[in-house]
Amino acid sequence: MSVARIVSALQFCPGGCVFSPSARRDPAPSLQSRAFNLLLRLLPVKKQLASAEVVQAHVQKLALEPASFEPTGLGRGVEATLTKMGGWPVYYTAPSSGHEGCNYVMFLHGGGFINEIVPAHWRLIGEMTRKARVVCVVPIYPLAPRATAKDVVPATAELLRMLLEDAGSAKVTVVGNSAGAGLALAACQWLRDRGHRQPNRLMLISPAADASVSRPEQVAIAARDPMQDIPGIIEAGRLYAGELDVGHPFVSPLNGAFRALAPMTIFAGTRDLLYPDSVDLAERARAVGVPVELHLLRDQPHNFALMPTPEGRRARAIIVREIG
């Protein structure tokens, strides 16, 4: 189903619909989810993406006072080890009871390529490590504009290549949210183009796959999105692109090729102005034979899979099941 047809369908079910392989009807958002959407509206999250000037001021502030990337909120039963690979800090998390025979997850955090990893990301990492008994590899990649896609994508792909070699027969899953999901997709396209092995699966949470944010329908969706706004996303994408065009597949992997990529699981919500890109991504990947499971939930915001709602918990249960 095309994006145009999905947007047309949503006009007749304003709360949103779910389109999955079984095309089942999505239940109404939970009370907790509706309350969380209202809370997000009251927080200053969206204002941070209101204009290019706001984003530039934020980036300048972070350059003077860099945010901490140390693990916060991993929870009990999880150990974290810091090392360096390719000049980047890289954390390994593992079950405290031992990691013999564990599968692996590379986690790539979101934040528009201008924000550091945050406690919500570490909580997800801790949950995956503990419940699925996996080793998580967490690169702390450098942020824009100090680092740009030209360098970040190949370096991330090289770290993933080394992990795939070291893992042997163990399963390797790449989990990314928002910008991290876009980076995961671009890195896997880089690996494919150079003849390297793909991970066993890509788990993409609210992927940022097209930095142009140029679909006409996204203007109307942005008005409903409690977290994001178009001007700020465009500016963050411009900073990350650096000398590349924002349409380059390193920056906007939706413009890359999808043949021979790993199977994908995608989570998106209809209150996320990026969700049409998730629909398009699923369609393009399926068209070239890549297995895709798209979980598109109505009235769910950006990154709902990380949130303390029934919908978020169900999404995380799917992730834990797939990576274990």
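The structure presented is a predicted model; accordingly, all values stated were derived computationally and were not measured. Numbers here simply count residues along the sequence, with the first being 1.
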Over 12 foreign heavy atoms within 6.0 Å of NE2, H99 |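 Check fails, neighbour count at 12 or below.
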What is the minimum heavy-atom distance between [X] and [Y], and which atoms define it?
| X | Y | result |
| --- | --- | --- |
| P199 | L164 | CA-CD2, 3.8 Å |
| S212 | S214 | OG-OG, 2.9 Å |
| A262 | V290 | O-CG1, 3.4 Å |
| E322 | K171 | O-NZ, 2.7 Å |
| R41 | A223 | NH2-O, 2.9 Å |
| D245 | G247 | OD2-N, 2.7 Å |

Determine all donor-acceptor pairs shorter than 3.5 Å in which one atom belongs to a side chain in residues 68-84; sequence neighbours excluded.
{"residue": "S68", "atom": "OG", "partner": "E70", "partner atom": "N", "Å": "3.2"}
{"residue": "T72", "atom": "OG1", "partner": "E70", "partner atom": "O", "Å": "3.4"}

Are [Y] and [X] linked, directly or through intermediate hydrophobic residues, by side-chain heavy-atom contacts shorter than 4.5 Å (ILVMFWY only)?
| X | Y | result |
| --- | --- | --- |
| M106 | V90 | yes |
| V320 | F304 | no |
| I230 | I233 | yes |
| Y240 | W88 | yes |
| L239 | V54 | no |

Please report the interatomic distance [atom1]([X]) to [atom2]([Y]), rounded to the nearest 0.5 Å.
| X | Y | atom1 | atom2 | result |
| --- | --- | --- | --- | --- |
| L40 | K46 | CG | NZ | 11.0 Å |
| S278 | I266 | OG | CD1 | 6.0 Å |
| F36 | L43 | CZ | CG | 8.0 Å |
| R123 | M307 | CZ | CE | 11.0 Å |
| M162 | D166 | CE | CG | 8.0 Å |
| E293 | M203 | CD | CE | 7.5 Å |

State, yes or no, whether a side-chain contact exists between [X] and [Y] at a heavy-atom distance under 4.5 Å.
| X | Y | answer |
| --- | --- | --- |
| L204 | L281 | yes |
| Q189 | L261 | yes |
| R201 | M264 | no |
| Q300 | Y275 | no |
| Q198 | R192 | yes |
| I323 | N103 | no |
| F267 | I319 | yes |
| F107 | V174 | no |

Classify the side-chain pair [X]/[Y] by whether it contains a donor and acceptor separated by less than 3.5 Å.
| X | Y | result |
| --- | --- | --- |
| H295 | T265 | no |
| T93 | T129 | yes |
| R133 | S97 | yes |

List for me each residue that meets side chain to side chain donor-acceptor pair (under 3.5 Å) alongside E311, sequence neighbours excluded, and say none if there are none.
->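 Result, side chain to side chain donor-acceptor pair (under 3.5 Å) vs E311: S30.
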Passes side-chain contact (heavy atoms from CB on, under 4.5 Å), L185 versus F258? Steps please.
-> CA-CA 9 Å; L185 186 58; F258 293 92; 4.1 Å; yes
Hey, does the side chain of S33 reach the backbone of P29 with a donor-acceptor pair shorter than 3.5 angstrom?
-> no
Under 3.5 Å donor-acceptor, R271 side chain and R224 backbone | yes
Between L160 and C188, does a side-chain contact (heavy atoms from CB on, under 4.5 Å) hold up when you go through it step by step?
-> CA-CA 9 Å; L160 179 54; C188 285; 4.1 Å; yes
Identify every side-chain donor-acceptor pair in residues 136-151 under 3.5 Å, counting partners at least two apart or on other chains, and give the distances.
{"residue": "Y141", "atom": "OH", "partner": "H109", "partner atom": "O", "Å": "2.6"}

Distance-only criterion, 3.5 Å: show the donor-acceptor pairs between side-chain atoms of residues 111-118 and protein atoms not counting sequence neighbours.
{"residue": "N115", "atom": "OD1", "partner": "H58", "partner atom": "NE2", "Å": "2.6"}
{"residue": "N115", "atom": "ND2", "partner": "G111", "partner atom": "O", "Å": "3.1"}

For V134 and Y104, what are the C-alpha separation, side-chain angles and deciding distance, and is it a side-chain contact (heavy atoms from CB on, under 4.5 Å)?
-> CA-CA 5 Å; V134 295; Y104 291 86; over 6 Å; no
N37, D225, D272 screened by side chain to side chain contact (heavy atoms under 4.5 Å, CB included) with P301, the one that passes | N37
Applying side chain to side chain contact (heavy atoms under 4.5 Å, CB included) between R215 and each of I221, L274, L273, D280, report the one that passes.
->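 Exactly one pass, corresponding to D280.
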For R161, enumerate each residue passing the salt bridge (charged side-chain N to carboxylate O under 4.0 Å, His left out) test, keeping only those at least two apart in sequence or located in another chain.
->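 Residues passing salt bridge (charged side-chain N to carboxylate O under 4.0 Å, His left out) with R161: E158, E165.
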With sequence neighbours left out, what residues match E127 under salt bridge (charged side-chain N to carboxylate O under 4.0 Å, His left out)?
->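 Partners of E127 under the salt bridge (charged side-chain N to carboxylate O under 4.0 Å, His left out) test: K131, R316.
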Kindly determine whether N177 and S206 satisfy side-chain contact (heavy atoms from CB on, under 4.5 Å), including the steps that lead there.
-> CA-CA 6 Å; N177 79 286; S206 302; over 6 Å; no
